[in-house]
Amino acid sequence: MALKKFLGQTAIYGLSTVFSRLFNFILTPIYTGVYKTGVYGIFTNMYANASIINAVLAFGMESTFFRYLNKHEDKKQEVYNNSFWCIAFISTLFLVTGLIFLDPIANYLASSPEDVADYKKYTIYFLLILFIDAITVIPFAKIRADERPIKYSAVKFLNIGFFVGFNLVFLFVLPAIIKNQWPGAQWVESWYRTQWIGYVFISNLIASAATLIMLLPEFAKIQLKFDKALFKQMFAYSWPVLVANLSFTINESLDKIVLNKLLPEEIAASEVGIYGAVCKIAVFISIFITAFRLGAEPFFFSYAKQENAKKIYAIILQYFVVALAILFVALIANIEILKYFIRNQDYWVGLPAVPFLLLGYVCLGVYMNLSIWYRLSDQTKFGLYISLVGAIITIVFNPLLIPKFGYMGSAWVSMITYFTMMVISYVLGQKHYPIPYNLKRILLYLVISVAIGFSSFFLFNKNIFIGNALLILFLAIVYFLEKNELKRFFKKA
């Protein structure tokens with residue numbers, strides 16, 4: 001019953017995450033069709049910086065909230081209060097500081113003096129977006145903890161609906177009004193700027209504001225109380241998670257930032273744009289990992305006290321790897337179709353980075369699953385150590401490889417980083433919180449899928465027929481190896 005509940009909730013989170021991210025993914029061919037590679041580089045760079053800041057503002061409180069909610073079942077309201085007010089304080093301080101130092105920030109981000117005025121606007125938009133997104137972290141976590149996946153999904157759907165909708169308005173509806181001189185054309189023409197990337201950020205801000213409004217009932221449940229004694233315990237748990245999350249975000253985003261700084265000025269923005277666009281093809285594995293995390297995190301914490309918890313965790317990882325491996329092979333096999341989501345052929349030169357990015361995401365997914373051991377055993381310091389190792393690899397090797405290999409160097413470093421973190425997490429986890437994973441079977445699937453995927457892309461030159469034939473072969477192997485265990489698994493579940 002526990003596994004059925006886990007699968008059911010993860011399926012709901014998965015559907016909402018898949019559909020919302022797919023709607024967002026629809027914007028990739030629109031962006032790459034409307035904006036030149038250099039302009040799209042601004043988009044990539046701004047969101048890369050924002051993701052790092054986002055990790056700081058969340059302060060590791062999401063994981064801390066779930067852990068202490070189940071650790072102190074008699075203090076659920078206090079845990080909710082403490083988690084929210086911690087993030088609210090940090091986010092408010094960030095917003096005020098950002099507005100005070102608006103000019104220096106814009107000057108740092110701008111690639112030329114004539115762009116500073118635009119970057120001031122971009123910075124204001126992102127300060128507000130980051131503030132709103134941060135203070136909604138705990139209300140969203142409470143919805144998940146209360147096992148209300150439908151509510152969570154509805155808010156997420158509406159968020160992406162606002163984002164996509166306003167993007168379409170700014171990029172197509174308003175230009176059509178001007179072109180056809182429909183009612184209001186003169187007013188729109190007086191302020192509208194053709195192909196201005198700032199409209200994407202404005203759309204994001206509107207979507208975040210709408211989300212904030214939809215979550216007001218959750219904000220109403222927060223009390224103006226703060227349990228200092230409890231917060232000391234929560235802080236001790238959360239700050240290593242903060243550093244770990246920050247290090248992870250550095251691994252995820254630093255390459256896009258340093259690409260812009262390390263490459264020659266005349267090609268930097270364009271290369272960042274190309275890399276950012278092809279990274280979107282890897283979004284499907286990212287979607288799957290996110291959906292899994294949304295369902296798994298509350299389940300893992302709530303189920304930790306059960307006698308067979310570790311066995312269940314081992315089963316979940318095995319079939320999680322199966323799903324990841326199949327998705328990895330399927331994406332590479334069909335990359336000649338997926339590339340058309342990037343409408344502008346100028347971006348296709350970056351496709352050779354995709355297999356390495358996808359493999360990096362596979363390793364990341366396994367690492368995130370494995371990382372439950374240090375969260376459940378209150379040894380979050382190990383998460384900090386592992387993530388720091390990843391961050392060091394990213395910080396050291398990106399400057400070494402980017403000047404010579406460009407974004408390909410970034411893709412290689414990303415893959416190596418996540419592979420290293422995955423291996424270290426497994427080794428330390430088996431020492432401090434052993435879980436009986438079927439390592440031989442997991443490695444078998446990973447090795448076969450990587451061999452098939454890279455052969456499909458590089459050896460058979462992305463041939464869609466050979467690639468999908470290899471995919472079918474891999475599915476047959478999985479079915480042959482797993483059919484008996486799956487039957488037993490679902491009977492017991």
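Keep in mind that this is a model prediction, so the values were computed, not measured.
- In this structure, F94 has its ring center at least 6.0 angstrom away from the ring center of F131.
- Summarising the geometry, atom CG belonging to L446 is positioned 7.5 Å from atom SG belonging to C363; distances are rounded to the nearest 0.5 Å.
- Listed for the Q195 side chain is a donor-acceptor partner under 3.5 Å among the backbone atoms of V34.
- Applying the side-chain contact (heavy atoms from CB on, under 4.5 Å) rule to K151 yields the partners I143, R148, V155, E218; only residues at least two apart in sequence or on another chain are considered.
- Y108 OH: 12 or fewer foreign heavy atoms inside a 6.0 Å radius.
- When atom types are taken as modelled, the side chain of N438 and the backbone of R441 share a donor-acceptor pair closer than 3.5 angstrom.
- Side-chain atoms of S425 never come within 3.5 Å of backbone atoms of M422 as a donor-acceptor pair (strictly under, hydrogens ignored).
- No more than 12 heavy atoms of other residues, nucleotides or ligands lie within 6.0 Å of NZ in K36, so this atom counts as exposed by the packing criterion.
- Between F43 and Y31, the angle of the ring planes lies from 30° to 60°, which puts this pair in the tilted group.
- Relative ring orientation between F126 and Y47 is described as perpendicular, the plane-to-plane angle rising above 60° on a 0-90° scale split at 30° and 60°.
- Note on ring orientation: taking the six-membered ring where Trp is involved, the planes of F288 and F320 are parallel (angle under 30°, cut-offs 30° and 60°).
- Enclosure of atom CD in E266 by more than 12 non-hydrogen atoms of other residues, nucleotides or ligands within 6.0 angstrom is indicated.
- Taking 4.5 Å as the limit, some side-chain heavy atom of F59 sits within range of a side-chain heavy atom of F235.
- Atoms OG1 and CD1, on T417 and I393 in that order, are 5.0 Å from each other to the nearest 0.5 Å.
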How far apart are the C-alpha atoms of F382 and W373, what are their side-chain angles, what is the distance that settles it, and do they pass the ring-ring contact (aromatic ring centres under 6.0 Å, His included) test? CA-CA 10 Å; F382 286 106; W373 72 264; 5.4 Å; yes

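- The distance from the CD1 atom of I332 to the CG atom of L358 is 5.5 Å, given to the nearest 0.5 Å.
- In this structure, CG in L331 is found 11.5 Å from CD1 in I337, a value given to the nearest 0.5 Å.
- The number of heavy-atom neighbours closer than 6.0 Å to CZ of F457, taken from other residues, nucleotides and ligands shown, is above 12.
- At most 12 non-hydrogen atoms from other residues, nucleotides or ligands lie less than 6.0 angstrom from CZ of F162.
- Nearest heavy atoms, L259 versus G406: CD2-C, 3.9 Å.
- With a 4.5 Å cut-off on side-chain heavy atoms, I87 and I138 count as touching.
- For D378, the side chain to side chain donor-acceptor pair (under 3.5 Å) partners at least two apart in sequence or on another chain are R67, K71.
- A ring-centre distance under 6.0 Å is not found for Y426 and Y367.
- Side-chain contact between N45 and K256 is absent, with no heavy-atom pair separated by less than 4.5 Å.
- When the shell of 6.0 Å around CZ of F460 is examined, it contains more than 12 heavy atoms from other residues, nucleotides or ligands.
- Within the 4.5 Å cutoff, no side-chain heavy atoms of V321 are placed close to those of N369.
- Classified by interplanar angle (parallel below 30°, tilted 30° to 60°, perpendicular above 60°), the ring pair Y122/F201 is perpendicular.
- Under 3.5 Å, the side chains of N468 and N334 contain a donor-acceptor pair of N or O atoms.
- Counting heavy atoms from C-beta outward, M234 and M61 have side chains that approach closer than 4.5 Å.
- The distance between the ring centers of Y313 and Y433 does not fall below 6.0 angstrom.
- Around atom OH of Y119, more than 12 heavy atoms belonging to other residues, nucleotides or ligands sit under 6.0 Å away.
- Contact of the E482 side chain with the Y445 side chain is registered, since non-hydrogen atoms from C-beta on lie closer than 4.5 Å.
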Report the C-alpha separation of Y361 and F328 in whole Å, then their side-chain angles, then the decisive distance to 0.1 Å, and conclude whether the side-chain contact (heavy atoms from CB on, under 4.5 Å) test is met. CA-CA 9 Å; Y361 272 118; F328 172 78; over 6 Å; no

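- In this structure, V243 and S387 have side chains that are not in contact, with every pair of non-hydrogen atoms separated by 4.5 Å or more.
- With rounding to the nearest 0.5 angstrom, the CG atom of L205 is 10.5 Å from the CZ atom of F166.
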Would you please test T37 and Y347 for side-chain contact (heavy atoms from CB on, under 4.5 Å) and show each step? CA-CA 7 Å; T37 55; Y347 290 87; 3.6 Å; yes

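- Contact check for F172 versus N167: no side-chain heavy atoms found under the 4.5 Å cut-off.
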Please step through ring-ring contact (aromatic ring centres under 6.0 Å, His included) for the pair Y407 and W412, ending with a clear verdict. CA-CA 9 Å; Y407 50 74; W412 298 335; over 10 Å; no

